[in-house]
Amino acid sequence: MGCLEFLKDFFLGFWDYETPKVMVVKDRKLGVIYRAVQLLVITYFIWYVFISQQAYQETETRPESSVYTEMRGVAMLGDSVQDTTEYVRPSEGGDVISTILRREVTHDQTQGTCAEHYNVANANCTKDSDCSQGEIDFDGHGQRTGRCIPYYNYTFKTCEIKTWCPIEEYAVVREQALEQAINFTVFIKNAIHFPKFKVLRGNIKPNKPKKLSRCHYHPETNPYCPVFSLGFIAAQAREKFSELCRTGGIIGVFINWKCDFDVDPSECIPTYSFRRLDMRKNLPSSGYYYRFAKYYHKDGVEYRTLIKAYGIRLDVIVHGHAGRFSLIPTLINMVTAMTSVGICSIICDWIMLTFIDKNEVFSEKKFDDVSKKPSQQITTDLTLTSFGSTHSDLSDGVPL
């Protein structure tokens, strides 16, 4: 029966109506808290929501963008002249471009058999039976022939493999770093389109293209000159250029468009930031390098020059955010702000009933339980007493 009574009370109580009751509490501390919380809520919505975040605008955060890059510069590496054809990959430009700063070259490799490197697992041997014929180690350089041979001019032996010989670790020549590349420049052309607002913007002024060959980017004096030196990029990313020459690295070039189309769209100018993207701190995954080969024929035999290139790779990443006044988000945020002011009353009611109302005086005033009951007829008994007179005085005969 107890459970049924509980369910009945819960069901009937579910249909009760609650309405706020206005009660003025003469308490100075509670009043100060109430106005302070109100001030915080109103300040938050005015300063942060409407002014800082511009919540009165409709926004677009996924614009359409295109990027074109071009590396410029000439340097000397010993007696050799290095131009963009030698050190820039890829040559056609795009949102990713890299430049070679240091090379490790293995000359005159040809297809044949030679000794495997001794750091490869199970490559060291003393007799032919230690080498399995036809086995391929994916961390090695080729297919094993089953013979155990001396490691080039050394006394110890390793397994013989079929590969491009001589192997890179034995015959590599490490060239000097291209330190003059610190003055190389990168031209980054970016166009961005906001379809919702039908606005197309670019980071170059269309009527002044010739000045780009003589300028460098500066956020105040040359904001429309997207030409950056590699030294400037490394400095902005807080990296040492000499260290990048040694290990290579990946640097992100972030183009940030934050546009307010309530004003003239020409006021929308991008900002640039630079940050190292690859892992460093002497980890195996740090730095940036890749290999490629140049092939040629001599006396009917195919040769190749294997090049391991260390350099800087620039990843151009475009972010766009645009806004324009709209009535709908303005009304939504204004209603949210006015509703949030009601939180002040809830907080102060909790403080009043929890910490101030020790004798439950405020609780009795704040909460009333009003039930609708049928009215009952009230009867009044009157007693009339006559003292022999023909007139009656109701006031004398009514008992008090």
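The basis for the numbers below is simple: all heavy atoms, side chains too, and nothing from hydrogens, waters or symmetry mates.
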TODO: Before accepting this row, confirm whether a basic side-chain N of the pair E86/K294 lies closer than 4.0 Å to the acidic partner's carboxylate O.
DONE: yes
Task: Side-chain donor or acceptor of S132 paired with backbone N/O of E135 under 3.5 Å - done: no
Task: For the student: nearest non-hydrogen atoms of S266 and Y224, plus distance - done: O-OH, 3.5 Å
- [ ] To the nearest 0.5 angstrom, please state how far the OG1 atom of T113 sits from the NZ atom of K162.
- [x] 9.0 Å
Task: Ring center gap for Y152 and Y170 short of 6.0 angstrom - done: yes
TODO: Kindly indicate whether the side chain of F50, heavy atoms from C-beta on, has any atom under 4.5 Å from the side chain of N333.
DONE: yes
Task: Trace of the side chain to side chain contact (heavy atoms under 4.5 Å, CB included) decision for V81 with V74 - done: CA-CA 7 Å; V81 177; V74 177; 3.7 Å; yes
Task: Point-to-point distance, once rounded to the nearest 0.5 Å, from OG1 of T99 to CZ of F184 - done: 6.0 Å
Task: Charged N-O contact under 4.0 Å between R246 and E243 - done: yes
Task: Salt bridge E302-R304, side-chain N to carboxylate O under 4.0 Å - done: no
TODO: Could you tell me whether the side chain of T69 and the main chain of G94 form a donor-acceptor pair under 3.5 Å?
DONE: yes
Task: Test item: H297 side-chain N/O and G300 main-chain N/O as donor-acceptor pair under 3.5 Å - done: no
Open item on the list: How about CZ on F156, more than 12 heavy atoms from neighbouring residues, nucleotides or ligands closer than 6.0 Å, or not?
Closed with: yes
Open item on the list: For a side chain to side chain contact (heavy atoms under 4.5 Å, CB included) check, start with the C-alpha distance between I149 and K157, then their side-chain angles and the critical distance, and finish with the verdict.
Closed with: CA-CA 5 Å; I149 62 175; K157 295 182 178 181; over 6 Å; no
Task: E160: which of R147, E116, Q133, R144 passes side-chain contact (heavy atoms from CB on, under 4.5 Å) - done: R147
Task: Hydrophobic cluster membership, W47 vs M334, 4.5 Å side-chain cutoff - done: yes
Task: Same cluster (ILVMFWY, side-chain, under 4.5 Å), I317 and Y272 - done: yes
Task: Side-chain donor/acceptor of D299 to backbone N/O of V301, under 3.5 Å - done: no
Task: Single hit among T106, V105, T163 for side-chain contact (heavy atoms from CB on, under 4.5 Å) with E168 - done: T106
Open item on the list: Would you say CD1 of I328 has more than 12 non-hydrogen atoms from neighbouring residues, nucleotides or ligands within 6.0 angstrom?
Closed with: no
- [ ] Assess whether side chain to side chain contact (heavy atoms under 4.5 Å, CB included) is satisfied between V316 and V96, documenting all intermediate values.
- [x] CA-CA 6 Å; V316 183; V96 176; over 6 Å; no
TODO: Calculate, to the nearest 0.5 Å, the distance between atoms CZ and CG belonging to R275 and L277 respectively.
DONE: 5.5 Å
Open item on the list: Would you compute the distance between atom OG of S340 and atom OH of Y44 and round it to the nearest 0.5 angstrom?
Closed with: 8.0 Å
Task: Exercise: identify the closest heavy-atom pair between A322 and F261 - done: CB-CE1, 3.5 Å
TODO: Indicate yes or no: at least one non-hydrogen side-chain atom of I312 is less than 4.5 angstrom from one of F241.
DONE: yes
Open item on the list: Looking at every heavy atom in both E58 and P329, which two are closest together, and how far apart are they?
Closed with: N-CG, 4.0 Å
Task: R89 to Y290, cation-pi by 6.0 Å centre distance and 45° axis angle - done: no
- [ ] For the residue pair E104 and I307, establish whether any side-chain heavy-atom pair is separated by less than 4.5 Å.
- [x] no
Open item on the list: Restricting to non-hydrogen atoms, name the atom on D130 and the atom on C159 that form the minimum distance, rounded to 0.1 Å.
Closed with: O-SG, 4.3 Å
Open item on the list: Please tell me whether V49 and M338 are part of a single hydrophobic cluster in this structure, the criterion being side-chain heavy atoms less than 4.5 Å apart.
Closed with: no
TODO: For the residue pair N256 and P270, establish whether any side-chain heavy-atom pair is separated by less than 4.5 Å.
DONE: no
Open item on the list: Between F187 and L230, is there shared hydrophobic-cluster membership here, with clusters defined by ILVMFWY side-chain heavy atoms closer than 4.5 Å?
Closed with: no
Task: Distance in Å, D139 CG paired with N122 CG, rounded so as to fall on 0.5 Å steps - done: 11.0 Å
TODO: Examine Y310 together with Y288 and report whether their ring centres are nearer than 6.0 Å.
DONE: no
Task: Output field: ring centroids F14/F11 closer than 6.0 Å - done: no
Open item on the list: Give me the atom names and distance for the closest heavy-atom approach of I167 to C114.
Closed with: CG2-SG, 4.0 Å
Open item on the list: Does the plane of the ring in F228 sit parallel, tilted or perpendicular to the ring in F274? Use 30° and 60° as the thresholds.
Closed with: perpendicular
- [ ] Take the SG atom of C148, take the SG atom of C125, and say whether they are under 2.5 Å apart.
- [x] yes
Open item on the list: According to ring pair (Phe, Tyr, Trp, His ring centres under 6.0 Å), does anything in residues 88-113 pair up with another residue at least two apart or in another chain? List the pairs.
Closed with: none
TODO: Give a yes or no on whether the ring-centroid distance for Y295 and Y303 is below 6.0 angstrom.
DONE: no
Task: Side chain to side chain, R174 and V172, heavy atoms closer than 4.5 Å - done: yes
- [ ] For side chain to side chain donor-acceptor pair (under 3.5 Å), just list the numbers for D108 and Y296, CA-CA rounded to whole Å, side-chain angles, deciding distance to a tenth of an Å, and then say yes or no.
- [x] CA-CA 9 Å; D108 300 331; Y296 58 96; 2.2 Å; yes
Open item on the list: Evaluate Q143 against T145 for side chain to side chain donor-acceptor pair (under 3.5 Å), listing each step before the verdict.
Closed with: CA-CA 7 Å; Q143 185 182 46; T145 63; over 6 Å; no
Open item on the list: If you count every heavy atom of other residues, nucleotides or ligands that lies below 6.0 Å from Q53 atom CD, does the total exceed 12?
Closed with: yes
- [ ] Using modelled atom types only, decide if a donor and an acceptor are shared between the side chain of D278 and the backbone of I250 within a distance under 3.5 Å.
- [x] yes
Open item on the list: Using side-chain heavy atoms (C-beta onward) and a distance below 4.5 Å, is N183 in contact with S229?
Closed with: no
Task: Donor on one side chain, acceptor on other, Y151 and N124, under 3.5 Å - done: no
Task: Rounded distance [0.5 Å steps], CG in D260 versus NZ in K258 - done: 9.5 Å
- [ ] Flag the pair I33 / I351 as yes when at least one side-chain heavy-atom distance between them is below 4.5 Å, and no otherwise.
- [x] yes
- [ ] Identify whether I161 and Y154 are in the same connected component of the hydrophobic contact network (ILVMFWY, side-chain heavy atoms under 4.5 Å).
- [x] yes
TODO: State, yes or no, whether a side-chain contact exists between Y56 and L327 at a heavy-atom distance under 4.5 Å.
DONE: no
Task: Which atom of A177 lies closest to which atom of C245, heavy atoms considered - done: CB-CB, 3.9 Å
Open item on the list: Assess the residue pair D95 and Y68 against the criterion (side chain to side chain contact (heavy atoms under 4.5 Å, CB included)); give the C-alpha distance rounded to whole Å, side-chain angles, the decisive distance to 0.1 Å, and a yes or no.
Closed with: CA-CA 6 Å; D95 57 358; Y68 168 78; over 6 Å; no
Could you give the side-chain donor-acceptor pairs of residues 189-197 under 3.5 Å, partners two or more places apart or in another chain?
from	atom 1	to	atom 2	distance (Å)
N190	OD1	W257	NE1	2.8
N190	ND2	S65	OG	3.0
N190	ND2	S66	O	2.8
H193	ND1	E64	OE1	3.0
K196	NZ	T59	O	2.8

Task: Donor-acceptor pair, side chain of D262 and main chain of R324, under 3.5 angstrom - done: no
Open item on the list: With a 3.5 Å distance limit and no angle check, can you tell me whether Q180 reaches the backbone of M76 through a side-chain donor-acceptor pair?
Closed with: yes
